[in-house]
Amino acid sequence: MSVLDLLLARLLLAAAGSLLAGCAVWGIATLCRRCLPGLSLQRSFWLVAQLAVTAVFAAMLLPPAERLRVVPVIDMDEHPARRADPGAERAANDFRNVMRVLK
């Protein structure tokens with residue numbers, strides 16, 4: 001994927017998120033208009049709703065943070081036993097030699 005494709009995909013994701021946020025704000029506003037008719041006449045309520053949708057759009061455009069990973073990064077060596085205990089390899093070789101003799 002090119003840089004333009006990634007940018008367009010992020011923009012599409014932000015647009016979808018703001019659409020969902022707009023639908024949620026619209027539903028809450030409809031419920032508030034039925035329960036509190038005086039609230040629907042105030043301009044600040046509608047401005048806060050528009051700010052919420054804009055904030056969701058801007059937040060979805062931000063790059064993902066590395067510290068918010070769900071899966072931790074795990075680095076594994078090929079032979080952790082050799083690094084942890086150098087005598088463990090010698091003991092394993094002694095055990096193999098004893099088993100060869102017993103056969």
Side-chain angles (χ1 to χ4, degrees):
M1 292 183 94
S2 69
V3 175
L4 183 62
D5 290 339
L6 292 175
L7 181 67
L8 289 176
R10 184 171 296 278
L11 187 63
L12 181 65
L13 181 66
S18 65
L19 179 69
L20 288 176
C23 290
V25 167
W26 177 76
I28 291 170
T30 303
L31 288 175
C32 287
R33 189 174 26 175
R34 289 183 186 164
C35 299
L36 304 167
L39 189 62
S40 65
L41 299 176
Q42 293 183 1
R43 195 163 113 183
S44 63
F45 179 73
W46 298 106
L47 288 175
V48 168
Q50 292 297 320
L51 270 172
V53 173
T54 305
V56 167
F57 183 78
M60 301 263 308
L61 282 178
L62 292 174
E66 289 295 321
R67 63 180 169 199
L68 295 178
R69 285 188 163 198
V70 177
V71 180
V73 177
I74 300 173
D75 292 328
M76 295 182 68
D77 295 334
E78 282 187 36
H79 302 289
R82 288 185 193 168
R83 186 183 56 140
D85 185 14
E89 185 177 349
R90 187 169 26 114
N93 287 336
D94 291 345
F95 179 74
R96 285 187 205 114
N97 291 336
V98 168
M99 293 306 290
R100 278 189 218 140
V101 170
L102 292 177
K103 281 185 182 180

Point-to-point distance, once rounded to the nearest 0.5 Å, from CG of Leu36 to CG of Leu31: 10.5 Å
With sequence neighbours left out, what residues match Arg96 under side-chain hydrogen bond (donor to acceptor under 3.5 Å, both in side chains)? Asn93
Student check: side-chain heavy atoms of Leu7 and Leu11 closer than 4.5 Å: no
For Ala15 against Phe57, the heavy-atom pair lying closest together: N-CE1, 3.9 Å
I'd like to know if the side chain of Arg10 and the backbone of Leu62 have a donor-acceptor N/O pair within less than 3.5 Å. yes
Hey, does Trp26 have a side-chain heavy atom less than 4.5 Å from the side chain of Val53? no
Residue list, side-chain contact (heavy atoms from CB on, under 4.5 Å) with Ala24, at least two apart or on another chain: none
Heavy-atom pair with the smallest gap, counting every atom of Ala49 and Val25: CB-CG1, 3.1 Å
Test side chain to side chain contact (heavy atoms under 4.5 Å, CB included) on Leu51 and Leu47 and set out the steps. CA-CA 6 Å; Leu51 270 172; Leu47 288 175; 5.6 Å; no
Is Met60 reachable from Leu20 through a run of hydrophobic residues whose side-chain heavy atoms are each under 4.5 Å from the next? no
